[in-house]
2 protein chains.
Amino acid sequence: MEDEVDRLVAAWRRERPDLDVEPLEVLSRVSRLARHLDRARRLAFSEHQLEPWEFDVLTSLRRAGAPYQLSPGQLLTQTLVTSGTMTNRIDRLTKKGLVERLPDPSDRRGVLVRLTPEGRDRADEALAGLLAQERAILAQLSRAQRGELAALLRRLTAPFDNVPG
Amino acid sequence: MEDEVDRLVAAWRRERPDLDVEPLEVLSRVSRLARHLDRARRLAFSEHQLEPWEFDVLTSLRRAGAPYQLSPGQLLTQTLVTSGTMTNRIDRLTKKGLVERLPDPSDRRGVLVRLTPEGRDRADEALAGLLAQERAILAQLSRAQRGELAALLRRLTAPFDNVPG
DNA sequence: ATCGAGTATCTTGAAATCAAGATATATTTC
DNA sequence: GAAATATATCTTGATTTCAAGATACTCGAT
């Protein structure tokens, strides 16, 4: 089945036959798929009165394990937003009673963000819903194909995730 | 090489062994890679004094071919933003002299957005730079692997791109 | 001990996005 | 051909994000 990137690449080959646009076959699909996923996630989370950005922060804390706390800096590397954004997110989640700020006992500059019991429950509920939705999207592929796709993507993400960033 | 999603999946398996988190192996990688690409693109475009959103609109028009014009609605399906966002983008690009609005001769509700000569040049310059950057990122994969990856991703994007949306 | 460099977080102000609804024109149905 | 419905774009107001810089603390070298 054709997709929008097929049309986009064909258009470039017509308009700019001098350029090799092969990279777009992969990376435009990644960007566009991510936008589609964002929309789908927004819809899925609205059933739980959660925004995608709230989910990202809450689940980062959730999977850290008891006592469900991380520094803002650790949350940055998980969510790939800027520090100003994270401060703002923590403020808003604190107001909603889903997380709380604690002083870091080992570094007086630092802060720890901890999930409240309600925050933990909300994260768990929303995760189950998300996984169901994602499974439906991935039903287009066999198990083996999903494994292959994950492995190929890992080769592209690893350089970003490991070095500076 | 391990990436952040490997760590994330391992953490979920420890914390929620009751859940099957396999979908995250693919889709979390897609979302995270898209964010990394956004950052990289922002950097690459800043050499040309272009924002990613400007690039997206200008190149959509550019690859439509002469006379380089599309309706706002067509631009929506290319860029996956809401109509309010697109109106705002067209306003700002018009102020910068990179596009202009024309009445649609065949539909009086409609508008056509046309690239100016300067807009066209800016799009062409930035595209070359982007392709160079993307080629470097994709150097992690062989040509065959890139083809495989593109084909697998197409199966996921096609349902979004073709039906309702 | 003190200096200086490095690190962690927060503040600020501008810019961009979205959802929802308003307006104007087209198209279909009867 | 009038009414009802659908479509295309724009407007509005609130929310979210980012870049840049400020603040406060830590740590190693002298």
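Source: prediction; values computed, not measured. Below, chain A is the first sequence line, B the second, and so on; all start at residue 1. These values consider heavy atoms only, across backbone and side chains, with no hydrogens, waters or symmetry-generated copies.
Which of D:dC18, C:dA20, C:dC10 sits closest to the side chain of A:Val111 comes down to C:dC10. Nearest to the side chain of B:Arg108, among D:dC10, D:dT17, C:dT25, sits C:dT25. Each of D:dC10, C:dT11, C:dT25 was ranked by its minimum atom distance to the side chain of A:Thr87; first place goes to C:dT11. Closest contact between the side chain of A:Arg89 and the listed nucleotides C:dT9, C:dC18, D:dT17 involves D:dT17. Ranking C:dA19, D:dA20, D:dC18 by closeness to the A:Arg42 side chain, first place goes to C:dA19. Residue A:Trp53 places its side chain closer to D:dT17 than to any other of C:dT9, C:dC18, D:dT17.
Between A:Leu43 atom CG and C:dA20 atom P the separation is 11 Å, expressed in whole Å. The interatomic distance linking B:Phe55 (CZ) with C:dA16 (P) rounds to 17 Å, in whole Å. Atom CG of A:Asp38 and atom P of C:dC18 are 9 Å apart (whole Å). Here the C1' atom of nucleotide D:dT9 and the CG atom of B:Leu75 are 12 Å apart, to the nearest Å. Taking atom CD on A:Gln74 and atom C1' on C:dT9, their separation rounds to 14 Å, with Å as the unit. The distance from atom CG of A:Asn88 to atom P of D:dA19 is 15 Å, rounded to the nearest whole Å. Atom-to-atom, NZ of A:Lys95 to P of D:dT15 comes out at 11 Å; the value is rounded to the nearest Å. Rounded to an integer number of Å, the gap from CD of B:Gln69 to P of D:dT9 is 13 Å.
For the residue pair B:Arg146 and B:Gln140, no side-chain donor N or O sits within less than 3.5 Å of a side-chain acceptor on the partner. Donor-acceptor pairing under 3.5 Å is lacking for the side chains of A:Ser31 and A:Ser28.
A cation-pi geometry, defined here as NZ or CZ lying under 6.0 Å from the six-membered ring centre and within 45° of its normal, holds between B:Arg92 and B:Trp53.
Residue-level contact check: B:Gly84 touches the bases, meaning some heavy atom is under 4.0 Å from a base atom. Looking at heavy-atom distances under 4.0 Å, B:Asp104 makes no contact with the nucleic acid at all.
In terms of modelled atom types and a separation under 3.5 Å, the side chain of B:Arg62 and the main chain of B:Arg120 share no donor-acceptor contact. Checking side-chain atoms of B:Arg14 against main-chain N and O of A:Gly65 turns up no donor-acceptor pair under 3.5 Å.
Ion pairing between a basic and an acidic side chain is recognised when a charged N comes within 4.0 Å of a carboxylate O; B:Asp161 and B:Arg154 show no such pairing. Salt-bridge formation is detected for the pair A:Arg41/A:Asp56: a Lys NZ or Arg NE/NH1/NH2 atom is positioned less than 4.0 Å from an Asp or Glu carboxylate oxygen. Looking at B:Arg32 and B:Asp3, no side-chain N of the basic residue comes within less than 4.0 Å of a carboxylate O on the acidic one, giving no salt bridge.
End-to-end axis angle of the helix from C:dA1-D:dT30 to C:dC30-D:dG1, from C1' rotation axes over five pairs per end: 30° (rounded to 10 degrees).
For the pair B:Glu51 and A:Asp91, both in contact range of DNA chain C, the more 5′-proximal nearest nucleotide belongs to A:Asp91. Position along DNA chain D of the nearest nucleotide to B:Asp107 versus A:Arg92 favours B:Asp107 as the more 5'-ward residue. Position along DNA chain C of the nearest nucleotide to A:Arg109 versus A:Thr85 favours A:Arg109 as the more 5'-ward residue.
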